[in-house]
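Here's the structure we're looking at; comments come further down.
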Amino acid sequence: MRPWNAEISADETQTQWNPLLWDGIAQFYPWRVHYSRSLIDGEIPLWNPHQFSGTPFAANAQTAVFYPLNLLFVLFSPVRAFGISAFLHLFLAGAFAFLLARSLGIGRFGATIAGITYEFSAFMIVWLELPTLINVATWLPLALYLILRSMDRTGPIHAIFSGLALGLAVLAGHFQIASYVLGAALLWWIWLIVPRARIDGFSAIKRGAFLVLISFGTAFLIAAPQILQTLELAGLSHRVRDVTTAGYAAYIGNAVPLRNLITLFAPYFYGDPAANTYWNGSAANFIEYGMYIGLLPLILAIFGALFTIRWRTVGYFVVLAVFSMLLAIGTPLNYLIYHLVPGTSALGGPNRILVLFCFAGAMLAGFGGHWFAQLAQEEYRATKRRLGYRALTVGGAVFFGLFIVAQSLASAQLTELGIDPNQAIAAAFGQYLLFAALLLAGLAVLGLYTAGLLPKPFFAGLVILVIIADLFAFGIRFNPKAPVEQVYPETELTTWLKQNAGHGRLMPINSTWSLYDYPEAILPPNSATVYELYDMQGYDSLFPRLYKQFVDNHLEMDSSPRENGNMLFIKSYVRDWPLGTAGYVLSEEPLDQPDLELAFESESGVNVYRRQPFDQYRQVYLLSASQQSEADAGEKPTGRAWITDRTPNEVTVQTDTDERARLVLADTFYPGWIAEVDGVKKPISIAQGIFKAVEIESGEHTVVFKFQPGTFVVGTFLGLIGAMTVGLGAGMAIRRRRR
């Protein structure tokens with residue numbers, strides 16, 4: 001992609017184009033850079049002036065501005081902090097799963113299986129480049145652990161702490177995954193309260209409801225700085241979607257195809273994106289449909305579901321695994337949720353609920369491992385046969401039965417698609433051998449232990465070793481690496497733009513995007529944030545609908561590529577853009593337009609044009625007081641305006657005019673912006689249907705535009721109450737310990 005193609009040439013062994021992996025570098029890296037720079041400068045970044053001609057920043061949940069662990073991006077350079085954050089969250093996910101398993105009565109061996117399986121399951125590994133999903137999922141086992149402690153001790157302290165864990169899950173930045181975490185937590189509360197209600201009656205329900213209220217109330221308070229802003233932006237964003245039949249069809253169309261169930265047993269059945277061999281649609285599908293938890297953990301999970309189902313909490317994880325899989329593959333359950341649960345229509349699809357399947361599968365594997373270690377060598381009273389043989393026979397039959405069903409479904413659907421399933425199986429034969437060897441090694445260890453030929457410590461060590469080998473064989477190559485110096489390197493083009501563009505906005509001409517091959521693009525969306533330039537285009541899961549309508553109307557077409565509705569491109573050059581929109585046009589193709597002057601030609605093949613007359617296309621300009629746009633009748637006022645200082649949330653403009661005028665800041669209007677003229681607050685109006693404007697009198701003035709959304713103020717106040725609530729809980733816990 002330009003401008004980097006002149007600096008870095010792609011080698012012949014490059015990984016397959018995967019648009020979701022691209023999101024890690026195209027969205028999350030620029031967001032973390034903007035976050036880091038702003039906090040280092042002492043400002044919370046509520047606004048991003050670099051994309052979409054200005055757009056809310058913190059209000060997009062995935063920027064995770066209020067997530068405490070993202071301070072790693074302030075303590076370390078963002079390019080290093082990504083690796084540190086990934087390591088930390090994987091470690092915490094495994095540690096919290098281990099802690100939950102121990103609290104459920106699972107021994108260290110089984111709890112270790114649960115922790116390892118969860119932190120290295122497919123969901124956690126394939127989404128690692130998009131950190132918000134992993135960061136949210138990290139807090140699920142801790143929340144369930146604290147809820148369990150709250151119910152066992154029937155006190156509010158652990159309920160408060162469970163609310164903190166749930167609040168952190170929301171702040172971590174992905175509302176879809178957070179909704180699954182909150183739903184799993186609510187089901188867990190109900191699962192624990194119902195048995196007590198059978199004994200203690202209505203009093204148990206009241207006590208439980210009180211603890212649930214404390215937990216979710218604390219979670220809301222902790223996450224309020226994010227929730228309130230995101231809800232406001234969601235209502236004004238391009239992703240507002242009505243609940244319709246067509247919308248449901250699109251939603252369910254993103255469910256996991258039944259043919260992908262085979263990847264529970266052969267994760268690379270459809271090829272390997274890292275080896276450029278994935279053929280089941282876009283390589284992004286490998287991520288979206290990731291469900292692998294390992295073969296030995298899957299067998300142990302079957303043991304857990306079959307032989308420990310009567311234990312107090314095992315049924316919860318069985319229900320969670322089955323329910324999440326039914327939703328992921330698309331069943332009538334989805335219809336109910338789509339129409340009854342607010343916000344579901346704005347989600348991309350139900351497939352990402354696989355996070356709950358991977359979590360439940362890991363916990364069931366922990367139960368199964370614990371049961372097998374404790375009872376495999378026990379004898380039946382009647383037949384004198386050991387329980388381990390029964391488990392291997394019954395569990396193995398279920399395992400291979402599920403495998404046969406999954407492969408049959410894959411074969412049937414591939415045949416419908418006109419693909420020879422025998423060729424697909426032949427192509428996957430090598431990985432069948434690898435994972436079959438790991439499976440046989442695991443079964444051999446289980447069999448030898450059942451026969452009494454392996455001491456328990458050796459058995460435990462070998463089982464864990466096989467699980468690690470299995471999961472690492474699956475995930476070790478998936479996430480690509482690159483030299484640090486190749487992450488948004490300075491190029492001839494970016495250097496020229498930084499030296500010459502100043503506050504001038506850029507209009508890169510990009511017409512297409514691709515799900516299947518490396519797309520051609522000039523200064524791809526969000527690059528401007530990294531290089532501290534100002535761009536009309538952008539890439540964000542939430543951006544103002546008003547701006548998209550503005551661009552669509554001028555282009556007379558949909559500004560988003562068909563492949564990705566979260567991108568906004570300027571697909572062609574149109575002469576009648578309003579003043580201030582953009583001062584520079586970037587194009588691969590030569591543009592022969594009377595209002596464009598060629599200013600620079602880069603080695604990467606990009607032509608940079610300066611719009612003429614250039615002084616009218618700066619980000620600030622003056623109109624006569626009666627004008628709503630430059631197209632209206634009337635003379636331009638005599639005078640000038642220029643930006644003297646700019647931070648994420650504030651723009652300072654100096655004006656000098658001989659008459660009363662309207663000062664226009666060509667930055668997208670959004671609720672929460674205020675203006676001060678010489679320190680006196682003035683109302684902001686909308687110019688050109690999209691930009692911010694304020695009336696000024698003749699003479700010299702200093703005008704300051706500030707972004708101070710009420711949702712941030714109220715949310716911060718509620719967040720402080722939440723922090724005080726957690727502090728109160730901590731104080732109560734310390735006091736109780738001292739007693």
Side-chain angles (χ1 to χ4, degrees), residues 1-6 8 10 14-31 48 50-53 55 60 62 129-130 237-239 241 250 253-254 273 276 278-288 348-349 480 488 491 493-494 506-531 533 535-545 547-574 582 585-589 591 604-607:
M1 298 183 191
R2 295 171 175 80
W4 308 309
N5 60 351
I8 304 168
Q14 66 182 353
T15 58
Q16 193 165 349
W17 168 250
N18 190 327
L20 280 177
L21 290 185
W22 165 251
D23 286 356
I25 197 69
Q27 286 189 308
F28 289 97
Y29 184 79
W31 289 340
N48 180 1
H50 302 290
Q51 309 300 154
F52 299 105
S53 299
T55 190
N60 173 16
Q62 294 203 72
E129 303 284 338
L130 284 76
S237 81
H238 72 297
R239 291 190 70 169
R241 298 175 186 169
N254 288 326
N276 210 351
Y278 190 77
W279 55 273
N280 187 27
S282 167
N285 291 345
F286 187 89
I287 297 177
E288 294 284 11
Y488 285 91
T491 70
L493 176 62
T494 59
L506 310 179
M507 182 190 291
I509 307 300
N510 290 310
S511 60
T512 60
W513 197 250
S514 175
L515 292 177
Y516 304 101
D517 198 5
Y518 285 83
E520 293 290 332
I522 300 172
L523 204 67
N526 296 351
S527 303
T529 296
V530 179
Y531 293 115
L533 302 168
D535 197 346
M536 284 187 67
Q537 65 182 2
Y539 182 18
D540 205 324
S541 53
L542 291 177
F543 62 87
R545 181 171 64 253
Y547 184 68
K548 178 170 173 56
Q549 292 171 345
F550 167 77
V551 176
D552 288 355
N553 290 339
H554 280 82
L555 291 177
E556 296 183 347
M557 67 177 75
D558 188 354
S559 55
S560 297
R562 181 178 57 83
E563 296 84 355
N564 193 329
N566 293 331
M567 285 184 176
L568 184 144
F569 282 160
I570 308 301
K571 294 184 176 181
S572 63
Y573 181 67
V574 180
V585 179
L586 284 65
S587 173
E588 178 185 0
E589 301 296 330
L591 299 176
S604 60
V606 178
N607 302 301

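Heads up: numbering here begins at 1 and tracks the sequence.
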- Item | P508 to D535 - nearest heavy-atom pair and separation | CD-OD1, 3.1 Å
- Task: Find the distance between CG (L523) and CG (L493) and round it off to the nearest 0.5 Å.
- Result: 6.5 Å
- d(E589 CD, I509 CD1) to nearest 0.5 Å is 11.5 Å
- Task: Check the angle between the aromatic planes of Y488 and Y29 and answer parallel, tilted or perpendicular using the 30° and 60° thresholds.
- Result: parallel
- Item | Donor-acceptor contact below 3.5 Å, side chain Q51 vs main chain M536 | no
- Message: Looking at S237, is its backbone amide N or carbonyl O close enough to the side chain of K548 to form a donor-acceptor pair, meaning the two atoms are under 3.5 Å apart?
- Response: no
- Message: Going by the rule ring pair (Phe, Tyr, Trp, His ring centres under 6.0 Å), which residues pair with F52 if we only count those two or more places apart in sequence or in a different chain?
- Response: F543
- Message: Quick check against the 3.5 Å criterion: does N526 have a side-chain atom that pairs as donor or acceptor with the backbone of Y539?
- Response: yes
- Over all atoms of both residues, closest heavy-atom pair of Q537 and P524: NE2-C, 3.9 Å
- Query: About how many Å separate CG of L21 and CD1 of I287, when rounded to the nearest 0.5 Å?
  - Reply: 4.0 Å
- How close do S559 and K571 get, heavy atom to heavy atom, and via which atoms? O-CE, 3.6 Å
- Message: Going by salt bridge (Lys or Arg N to Asp or Glu O under 4.0 Å), name the pairs with one or both residues in residues 559-568, residues two or more places apart or in two chains.
- Response: none
- Task: Name all residues meeting the side-chain hydrogen bond (donor to acceptor under 3.5 Å, both in side chains) criterion together with N18; count only those two or more places apart in sequence or in a different chain, and write none if there are none.
- Result: none
- Task: With the side chain counted from C-beta on, respond yes when L568 and P525 share a heavy-atom pair under 4.5 Å apart, and no when they do not.
- Result: no
- Task: Determine whether P544 and T55 make a side-chain contact, defined as any pair of heavy atoms from C-beta on separated by less than 4.5 Å.
- Result: yes
- Task: Measure the CG-CD distance between D540 and Q27 for me, rounded to the nearest 0.5 Å.
- Result: 6.5 Å
- With no hydrogens and no angle check, is any side-chain donor or acceptor of N510 less than 3.5 Å from a backbone partner on I522? yes
- Message: So which atom in G565 and which in S560 form the shortest heavy-atom distance, rounded to 0.1 Å?
- Response: O-OG, 3.4 Å
- Checking W17 side chain against S514 main chain: does a donor-acceptor pair fall under 3.5 Å? yes
- Query: Can you name the side-chain hydrogen bond (donor to acceptor under 3.5 Å, both in side chains) partners of Q549, sequence neighbours left out?
  - Reply: none
- How would you list, by chain and number, every residue that makes a ring pair (Phe, Tyr, Trp, His ring centres under 6.0 Å) with F28, sequence neighbours excluded? W31
- Message: Is there a side-chain contact between S282 and E288 in this structure, where contact means two heavy atoms from C-beta onward sitting under 4.5 Å apart?
- Response: no
- Message: Tell me whether Q62 contacts the main-chain N or O of L130 through its side chain, where contact means a donor paired with an acceptor under 3.5 Å.
- Response: no
- Considering all heavy atoms of both residues, which atom of N285 and which atom of G281 are nearest to each other, and what is their separation? ND2-CA, 3.8 Å
- Message: Give me the atom names and distance for the closest heavy-atom approach of T494 to P3.
- Response: CG2-CG, 3.9 Å
- Under a 4.5 Å cut-off applied to non-hydrogen side-chain atoms, are L506 and L586 in contact? yes
- Residues that N280 engages under side-chain contact (heavy atoms from CB on, under 4.5 Å), provided they are two or more places apart: R259, N260, Y270, Y278
